[in-house]
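Input: a single structure, listed below in structure tokens.
The sequence lines fix the lettering, A, B, ..., with proteins before strands; numbering per chain opens at 1. As the structure is a computational prediction, the values presented were derived from the model and not from experiment.
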Amino acid sequence: MSAEFDEFLSKFSRLRDQPANSARLSDAERKALDILKATATIDAAALTDLIERHPHAMPFLVSCVGLSQEQLKGELKRLLGVGGWVKIARREPKRLIQTLDLEFGLVEAVSRQHQHSWSFVDVLVERRVWSQHRATASQNTGRQLEDLVEEIIKSFDVPYKMRTRFDGRGNEDAPCDFAIPAGGRNAQIVGAIKGFDSTGSKLTDAVTEVTKVAEVRLPGQYVYAVVDGIGWLRRQADLKRIFELYEQRRIDGLYTKRLLDSFKADLSDALRRLNLLK
DNA sequence: CAACTTAACGTCAGCATAGC
DNA sequence: GCTATGCTGACGTTAAGTTG
């Protein structure tokens, strides 16, 4: 590249300030942690008492079972139908603790980690595990859903292609997560697979993608969507847009992991109608 | 096979709105 | 009026796929 470009490159700087060494905690959070620190014995009653008076202890407590703040919000939506922890911690602290304990073994985890004496290295390890978990493990959640769907497609012993594009109406094409028997102009059955345990504009992007598939599809093409994950529960406006596509029959099927049996049956019918089965 | 491109999911902040 | 929750979009990191 040109010398001018190299010169331009040399003028770049880091935008973010160096990360602060000590996280800023609110007074409410600090107070909650002081109480936790002073608690001699951790049991269900102690935690119930703690969160009833100090709901802001919740994100700290659930970190003991590997839940981030966002994951906590998602799980509360799934398990209790609420979007936050403060109100429910004050009103139904017992139910909140019991639910999380049943699902994640919260009390035991907090108790164990409360007693543990932590070394410097322990802290370093924890930091590393969390930051790595964030990026790598999250990739797998979406991939797992893809793999489940791929297994079903495989069971029919037909040619297919994962993560590709297909041609539809006019000169338009669209991305899809699977295509049978192949992508491009040969696609006869296509589908989108969108698993999210968290929220974000990525879910809006996913809806846009599914919408695009529905728009581009040819009359004879079958279109399916498989969605799942607690992220959708917190992004229902986006989920509804996909559901409407299904209600209007602009896509032929909409499934979650627990509905994959129906997907298999519907796919079987479609393959038979298209004479793709051997 | 290294460089590059595309696409995957998660975290968080900011503003709007609801609820006490 | 203040706090909790709802809604939205920008941003971060990594893996898989592509290309020369």
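- Looking at the side chain of Phe196(A), the nearest of the listed nucleotides dT11(B), dA8(B), dC9(B) is dC9(B).
- The base of dG10(B) is not paired with the side chain of Arg234(A) by any donor and acceptor separated by under 3.5 Å.
- The cationic group of Arg250(A) does not satisfy the cation-pi geometry with Tyr246(A), failing either the under 6.0 Å distance to the six-membered ring centre or the 45° limit from the ring axis.
- Atom CG of Leu145(A) is separated from atom P of dA8(B) by 13 Å (rounded to the nearest Å).
- Of all the residues in residues 73-100 of chain A, Lys87(A), Arg91(A) reach under 4.0 Å from DNA chain B with at least one non-hydrogen atom.
- For Arg235(A), counting side-chain heavy atoms from C-beta on, the closest listed nucleotide (dC12(B), dA7(B), dG9(C)) is dG9(C).
- Contact between the side-chain N/O atoms of Gln69(A) and the OP1/OP2 oxygens of dG10(B) is not found at any separation under 4.0 Å.
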What's the verdict on side chain to side chain donor-acceptor pair (under 3.5 Å) for Tyr222(A) and Arg273(A), showing C-alpha distance, side-chain angles and the deciding distance? CA-CA 11 Å; Tyr222(A) 288 80; Arg273(A) 254 177 253 142; 3.0 Å; yes
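- With rounding to whole Å, Asp197(A) atom CG is found 10 Å from dC9(B) atom P.
- The pair Asp101(A)-Lys94(A) does not meet the salt-bridge criterion, since no charged nitrogen lies less than 4.0 angstrom from a carboxylate oxygen.
- At a threshold of 4.0 angstrom between heavy atoms, the contacts of Ser68(A) are confined to the sugar-phosphate backbone, with no base atom among them.
- Heavy-atom distances to DNA chain B give each of Gly200(A) and Glu146(A) a nearest nucleotide, and the one nearer the 5′ end belongs to Glu146(A).
- Note on Ser198(A): every side-chain N or O is 4.0 Å or more away from OP1 and OP2 of dC9(B).
- Among dG10(B), dG17(C), dA7(B), the nucleotide with an atom closest to any side-chain atom of Lys202(A) is dG10(B).
- Among the atoms of the strands shown, only primed sugar atoms or phosphate atoms (P, OP1, OP2) are found under 4.0 Å from some heavy atom of Gly195(A).
- Side-chain proximity of Gln71(A) to the nucleotides dT11(B), dA10(C), dA4(C) is greatest for dT11(B).
- Remark: the Ser268(A) side chain and the Arg272(A) side chain contain an N/O donor-acceptor pair separated by less than 3.5 Å.
- Looking at heavy-atom distances under 4.0 Å, Asp177(A) makes contact with sugar-phosphate atoms alone, never a base.
- A donor-acceptor pair shorter than 3.5 Å can be found between the side chains of Asp266(A) and Tyr255(A).
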